[in-house]
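The sequence lines fix the lettering, A, B, ..., with proteins before strands; numbering per chain opens at 1. All values below were derived from every heavy atom in this structure, side-chain atoms included, with hydrogens, water molecules and symmetry-related copies excluded.
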Amino acid sequence: MTQTDILAQLNPRQREAAEAIDGPLLIVAGPGSGKTRLITYRIAYLVRVVGVPARRIAALTFTNKAAREMRSRLGELVSHSINDMSVGTFHSFCAMTLRWESDAIGLDRNFAIYDDPDQLDVIKRSMRETDVDPKRFSPRAVQSAISKAKSSLLGSEGFGMRTASYFEEVVGRVFERYELLMAQSGAVDFDDLLLKTHQMLEQHPEIAARYQDRYVHFMIDEFQDTNVVQYAIARKLTEAHRNLCVVGDPDQSIYSWRNADIRNILSFQDDFPDAKLIPLEQNYRSTQTILDAADKLISANSQRIERELFTDNGDGVPIVVSEGYDEAEEAQMTLKEIGALTKNGPGAQGGYKLGDIAIMYRVNAQSRALEEECLRYGVPYQLIGGQKFYQRQEVKDVTAYLRLVANTNDDVSLNRIINLPTRGIGRRTLDELARLARDSNMSQFDAISSIMSTDDQLAPAATNPFTPRATRALTDFQKMINGLRADLDGLSIIDLIDQVLERTGYQKYLTDSAERGEERIENINEFKTAARDYIHMPVQDGLTAFMESVSLVSDIDKMEDRTEAITLITLHQAKGLEYPVVFIVGMEEGLLPHSRSMDDPTAVEEERRLAYVGVTRAKERLYLMRTFRRGFWGASGPSLPSRFLLDIPEELIERTDKNTPKSQTTERPRQSGPIGTRKGSERTGRRQGFEFSSNTRAGSTARPEMPKPKSLLNSNSKGKIKLTPSRRPSPPRPRPGRRAARNATPLFKTGDKVAHDTFGDGIVMSCEPSQDDFQVTVAFKDGHGVKRLLMSFAKLTKVE
DNA sequence: CGAGAATAGTTTTTT
DNA sequence: ACTATTCTCG
């Protein structure tokens, strides 16, 4: 490729955007409009044609995965090194900057990054120490108030000024204590990464000047999901060159709950009146049918700028709307359809690969039913999110040991593992230790040191509040950690992990633990595999870098483009991805829109954008699935079709749910739940706030018309909504009896090594009778995790 | 001090 | 239904 035609692959609009390199630029990019392609080519153009050195360009993305992809695409376009380019998420960019400048701003260079659960620990402790009752004020609520304050550029000082309510007053108090504890622990939270970077730039003009000079070009992707602090950082960093290019789509703004502020897009035009605005409206991804549906769906939002997307792609096939009886049947129908879509040979519906297919849902809990059916049908799947790897207990435990080795001030980590395995350090001792640390204003680790005198003898009883036994236990622990710290030289990060596992007794603790012992060890091995990326670094640096990646890397970042598995993913995580075939399950009131959003029109508009994001992921085929009854918390209740379904024109749809409302005018809901009682909604106005039980339903055959619901309302004297179970289409599946397993003679026994065609080698964890089959739970290697398989479906062979 | 039992809160979405 | 936390007893 020559330099002159480097932009030849772009359409005129994209080309215009790539060449607009002087001054501020706002690109409003519709879904599938080749946004990533544009950004990549724009950078390539800057480097190769304009001659901007790579290190003077920053490109910030929403996920590490997007950053990685950009890097790899740039690697193909730009021959010379792009390693100097700042490509990453806002959070990783800030973490890097803060470490570089840590000396100047008085931050421990090895600061730990606390994730959500870590942060909650500190919040709880702060509440305890400020006498705030966690029963009256939920730690979660306090946490989110603090996060919100930080995300809108308000530190604890700023927050303390406001006392709009008693709650805020309380939060202010906890906030102050929280900041103190975090500082003392040498730790920062996610919001701090951004806020402290901003503060650094404001308070240290000489530092700011260096970065302002450096970044000649600054680009931000997914700008609609940035928060106030992120935007402020970007403005500050581009003061010198003013070449700030932001790319976003207001219709895909779905992170307001994380304090993303859609107003950034509007502010941008105020802050940069000379900004060029380029809309990208040609869609290269989806069929006209899918695009029409998406357009009708999003047009129902009132807070929105009109826009018309178009495509040269053909109409394609209609959108399929289906209903299952419950989430199990919904999953079954989905899996059956996937079977048809992936079939080869005559009569095949397209011969799709499993990797072409994604199932999307609103909440992680929905993945469960889908996983079960995948296992039943033997369909390999890739689950994104859910129980995150780095949040698993044993992984967090080892992480805590490592963090403590890196930074002994880290109280959260210390508390997590000081008695794991048990070392005779119980609650009383820990309470006393916390009190001692607080009174003497030091970390708990240092507090232990303080009761030891210099010659390693125990301090006199007067200053030592602990019993001799507790004192012994505490000092042994302290010596063990110090021993690890003393022997770091010459070790690699992997060596260090091995040392920790052995010298702390954690390895033995895992081996001896009856519960999930092997799975946990597998997880630790996986953890070590992840650490291998840092094996070449000096152990201190490797440790810091590895700990940082543990905090900032998400599940989607590790997602592989595998062709042999379907993808299960939340709608939020699906942003930015595309698949030939997309199923969205749970198209129901209460789920999408989510019940927590339903009484707020603004929140419902965000839910609609979320649905829009899901719909526009599909290239060729889109399935919208829902259930007749859905289970929550073990109970089950009737569900209503999502209002979003009613926004999609009938002519775009092929229905397999013949007995359900087709549109606003012909709608004839047969049942409804508590959710349907919303007042003032035209679309739901005809629904009643209760269910009638006289209806029967057999499989997919016609359902009778609804009877008058009035009588039931009257029969419900207390006005309390009572759900009468409808008859199931088929008898409930018997639950596999746990007891029965003990008397059975399974073909596999726990500990057996087995091999599976797709998942590879694994170890049998259990084998239990399930109906007339056996359910085998197997821990697979190579990141496939633990799977439950039915013996008759899964081709498992015993190894050795 | 620690293990097992009782109990409460939980399901929005995540860097 | 599930789990994380608190309670109770040895």
Side-chain angles (χ1 to χ4, degrees), chain A residues 60-67 88-95 113-117 119-121 124 134-135 138-141 143-144 147 150-151 188-195 222 225-227 229-230 253-260 360-369 384-388 390-391 393 419-432 467 469-470 473 514 548-557 569-575 586 590-598 600 603-604 606-607 609-611 613-614 630-636 735:
Chain A
L60 302 191
T61 57
F62 191 71
T63 62
N64 290 297
K65 179 169 185 275
T89 62
F90 251 107
H91 287 85
S92 61
F93 175 80
C94 289
I113 301 169
Y114 280 2
D115 66 9
D116 199 75
Q119 192 188 11
L120 201 59
D121 271 355
K124 283 178 185 164
K135 297 241 167 68
S138 109
R140 277 260 164 232
Q143 181 188 34
S144 84
S147 174
K150 288 186 174 183
S151 307
V188 302
D189 61 35
F190 283 143
D191 299 310
D192 285 337
L193 289 173
L194 307 173
L195 187 59
E222 307 284 10
D225 286 323
T226 55
N227 67 26
V229 187
Q230 289 167 326
S253 152
I254 53 174
Y255 282 94
S256 73
W257 50 273
R258 217 173 70 188
N259 303 309
M360 303 179 184
Y361 39 81
R362 179 64 176 84
V363 301
N364 279 306
Q366 286 174 265
S367 71
R368 200 188 174 122
I384 313 296
Q387 163 72 298
K388 290 164 196 66
Y390 290 121
Q391 313 258 38
Q393 203 183 67
N419 203 31
L420 204 77
T422 52
R423 303 187 170 94
I425 303 173
R427 215 194 66 188
R428 276 193 72 95
T429 308
L430 284 176
D431 284 350
E432 195 53 51
T467 63
R469 218 171 82 180
E548 181 166 316
S549 87
V550 164
S551 303
L552 295 181
V553 167
S554 68
D555 264 41
I556 188 143
D557 298 330
I569 193 168
T570 65
L571 289 163
H572 279 90
Q573 293 190 107
K575 190 178 68 161
L591 216 41
L592 189 65
H594 194 271
S595 52
R596 301 274 269 250
S597 302
M598 283 174 45
D600 175 359
V604 171
E606 181 150 318
E607 297 284 315
R609 291 194 292 270
L610 193 54
V613 165
R630 184 168 293 274
F632 301 95
W633 302 309
S636 167
R735 298 250 156 193

Salt bridge (charged side-chain N to carboxylate O under 4.0 Å, His left out) against A:Asp431, all qualifying residues, sequence neighbours excluded: A:Arg427
Under the ring pair (Phe, Tyr, Trp, His ring centres under 6.0 Å) test, residues paired with A:His91 that sit two or more places apart: A:Phe190
A:Lys124 NZ to C:dA4 P, straight-line distance once rounded to whole Å: 10 Å
Touch class at under 4.0 angstrom, heavy-atom based, for A:Phe90 against every strand present: nothing
Integer-rounded Å distance: B:dT13 C1' and A:Asn259 CG: 13 Å
Phosphate OP1/OP2 of B:dT11 contacted by A:Asn364 side-chain N/O (<4.0 Å): no
Donor-acceptor pair, side chain of A:Tyr361 and main chain of A:Leu571, under 3.5 angstrom: no
P gap between C:dA4 and B:dT13, integer Å: 15 Å
For A:Asp225, all residues meeting salt bridge (charged side-chain N to carboxylate O under 4.0 Å, His left out), sequence neighbours excluded: A:Lys575
Distances under 3.5 Å between nitrogen or oxygen atoms of protein and nucleotides 1-8 of chain B:
{"from": "B:dC1", "atom 1": "OP1", "to": "A:Thr429", "atom 2": "OG1", "distance (Å)": "2.4"}
{"from": "B:dC1", "atom 1": "OP2", "to": "A:Arg428", "atom 2": "N", "distance (Å)": "3.2"}
{"from": "B:dG2", "atom 1": "OP1", "to": "A:Gly424", "atom 2": "N", "distance (Å)": "3.3"}
{"from": "B:dG2", "atom 1": "OP2", "to": "A:Asn419", "atom 2": "ND2", "distance (Å)": "3.3"}

Touch class at under 4.0 angstrom, heavy-atom based, for A:Lys575 against every strand present: nothing
Qualifying residues under salt bridge (charged side-chain N to carboxylate O under 4.0 Å, His left out), relative to A:Arg630, sequence neighbours excluded: A:Glu330, A:Glu588
Interatomic distance, A:Glu222 CD vs B:dT14 P [rounded to whole Å]: 14 Å
Backbone of A:Gln143 reached by a side-chain donor or acceptor of A:Ser147 within 3.5 Å: no
Counterpart residues, salt bridge (charged side-chain N to carboxylate O under 4.0 Å, His left out), relative to A:Arg428 (two or more places apart): none
Phosphate contact (B:dT14 OP1 or OP2) by A:Gln573 side-chain N/O below 4.0 Å: yes
Rounded distance in Å - NE2 (A:His594) to P (B:dT11): 10 Å
Whole angstrom value for the distance that separates C1' of B:dT14 from CZ of A:Arg140: 11 Å
B:dT14 phosphate, OP1 or OP2, under 4.0 Å from A:Thr570 side-chain N/O: yes
Minimum-distance nucleotide (side-chain atoms of A:Arg368 versus B:dT13, B:dT15, C:dC2): C:dC2
Verify stack between A:Trp257 ring and B:dT13 base, 5.5 Å, 30 degrees: yes
Protein-nucleotide distance (A:Asp116, atom CG; B:dT11, atom P), rounded to Å: 11 Å
Value in whole Å for how far the P atom of C:dT6 lies from CG of A:Asp431: 11 Å
Whole angstrom value for the distance that separates C1' of B:dT14 from CZ of A:Phe190: 8 Å
